[in-house]
Amino acid sequence: MDTLAETRQPALTPEDTTDEALMLRVQDGDKIAFRLLVGRHIDRIVGTARRIVGAADAEDVAQDVFLRVWTARAQWTPGQARFRTWLYRVAVNRCIDHTRRARPTSIDDVPEIEDDAPGPLDTCERNEDANRLHSAMEHLSEQQRTAITLYYHESLTAAEVAEIMGLRLNAVESLLKRGRQKLRTVLK
Amino acid sequence: MTPEEFTALLDTYGADLTRWPHAHRQGAQRLLQVSERARDAFAEAQMLDAVLKSPEPGLSSARRQRLTDAILDNLPDEPATRRTVREPEARPVRGESGFGAAIVRPLTPLWVVCLGFGMIVGVILTLGHAPAPAPQSAEGGWVENMAFYGGL
């Protein structure tokens with residue numbers, strides 16, 4: 001079945017390399033195109049999930065996000081939303097679902113983060129910074145955490161964050177402001 | 001722009017002035033030239049920006065591969081998509097094929113007539129022998145009867 005779905009598609013061409021072109025093939029059941037999309041975005045989705053739900057569950061959530069992208073692939077409409085915006089909307093929804101049913105975790109439960117970074121010292125420092133930030137982010141509300149992550153970590157505009165979260169622009173600006181004020185106090 | 005307004009905007013949009021609304025950028029730059037308090041707040045905001053923008057440690061190649069494989073291995077096989085919607089396969093009905101179909105299908109109108117006749121006879125017999133209705137006050141009314149028979 002999988003093999004059939006993969007072999008029915010013509011070979012990928014350079015024009016197929018945009019997310020949107022790959023997604024059109026994914027809508028036809030092309031698993032090779034889907035693998036490319038997953039490979040392209042999985043690091044960012046795991047990173048986003050780490051900041052919203054915590055490192056312990058980030059990979060599970062990321063897996064859930066891409067399974068959802070596959071099952072809901074027919075809902076993505078080319079021209080209506082950029083694939084990246086749609087992907088983040090799926091990711092944010094999965095994170096919210098996860099935090100609503102998850103138990104609180106302690107920092108001891110957080111697994112070590114593997115990294116391809118060149119040196120162990122660099123890795124250690126980066127992990128330390130990341131852990132410090134994750135601890136601070138736990139002081140924020142779920143919505144503040146999500147808005148801050150999308151705006152700063154993913155470099156999205158406030159308008160894009162509003163679209164992804166399904167909120168008005170001024171509501172997102174308020175979340176960013178209050179979240180940042182709290183982080184400023186916690187990280188001092 | 002006052003230093004208070006500047007700080008409020010820093011909290012909302014961060015220290016990257018290119019991400020601020022156009023209307024506030026010039027005022028912010030003018031204030032930074034004249035106000036030491038604004039410069040201090042700006043320097044602090046830049047440090048916080050750096051922390052917030054710090055990249056998350058990436059996945060190792062092996063871990064990325066494992067995760068990708070796990071996702072691809074768990075994809076459900078449902079075929080319906082936006083552009084290739086396929087009707088669900090019809091489930092075979094008992095008697096629809098073979099010897100059963102040869103008997104049942106031509107006689108279907110006859111079965112319907114018999115069923116209708118049976119229902120009419122049943123209704124006539126029921127009306128002819130229906131017991132007198134019990135007084136509502138003595139039996140507690142239809143709500144209690146319904147409750148007794150599991151209607152609620």
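All chains are named by letter (A, B, ...) in the order of the sequence lines, taking the proteins before the strands, and each is independently numbered beginning at 1.
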Reported [atom1]-to-[atom2] distance for the pair [X] and [Y], which is rounded to 0.5 angstrom:
X: B:Leu48; Y: A:Leu133; atom1: CG; atom2: CG; result: 9.0 Å
X: B:Leu72; Y: A:Phe66; atom1: CG; atom2: CZ; result: 10.5 Å
X: A:Ile42; Y: B:Leu67; atom1: CD1; atom2: CG; result: 3.5 Å
X: A:Asn170; Y: B:Thr12; atom1: CG; atom2: OG1; result: 11.0 Å
X: B:Thr7; Y: A:Gln181; atom1: OG1; atom2: CD; result: 9.5 Å
X: B:Asn74; Y: A:Trp70; atom1: CG; atom2: CH2; result: 13.0 Å

For B:Tyr13 against A:Glu173, the heavy-atom pair lying closest together: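 Smallest heavy-atom distance, with atoms named: OH-OE2, 2.6 Å.
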
For a quick test of reading the model, state the closest non-hydrogen atom pair linking A:Asp43 to B:Leu59 and the distance between them.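 Residues A:Asp43 and B:Leu59, closest heavy atoms: OD2-N, 3.2 Å.
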
Of the backbone (N, CA, C, O) and the side chain (C-beta and beyond), which part of A:Ile148 lies under 4.5 Å from a heavy atom of chain B, both, or neither?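 Side chain only.
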
Heavy-atom distance under 4.5 Å to chain B: side chain of A:Thr157, backbone, both or neither?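 Looking at A:Thr157, just its backbone touches chain B.
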
Would you say that more than 12 heavy atoms from the other residues, nucleotides or ligands in this model lie under 6.0 Å from the [atom1] of [X], or not?
X: B:Gln26; atom1: CD; value: no
X: A:Arg89; atom1: CZ; value: yes
X: B:Glu4; atom1: CD; value: yes

Can you find a heavy atom in the side chain of [X] that is under 4.5 Å from one in the side chain of [Y]?
X: B:Asp11; Y: A:Arg184; value: yes
X: B:Glu56; Y: A:Val46; value: no
X: A:Phe34; Y: B:Ile71; value: yes

Find out if a path of hydrophobic residues (ILVMFWY) with successive side-chain heavy-atom gaps under 4.5 Å connects [X] to [Y].
X: A:Val186; Y: A:Tyr151; value: no
X: B:Val123; Y: B:Leu115; value: no
X: A:Trp76; Y: A:Leu36; value: yes

Quick check on B:Leu9 against chain A: is it the side chain, the backbone, both or neither that has a heavy atom closer than 4.5 Å?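 Neither part.
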
Would you say A:Tyr152's side chain and B:Val51's backbone share a donor-acceptor pair under 3.5 angstrom?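 Not at all, since once roles are kept as given, no pair shorter than 3.5 Å links the two residues.
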
B:Asp69 bridged to A:Arg35 by N-O distance under 4.0 Å: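 Looking at A:Arg35 together with B:Asp69, the answer is yes, because their closest N to O distance falls below 4.0 Å.
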
Cationic N near anionic O, under 4.0 Å, B:Asp49 to A:Arg180: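 A salt bridge is present here (some side-chain N lies under 4.0 Å from a carboxylate O).
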
Of all of A:Arg51, A:Gln63, A:Met137, which one pairs up most often with chain B through heavy atoms under 4.5 Å apart?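 The option with the most such pairs is A:Arg51.
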
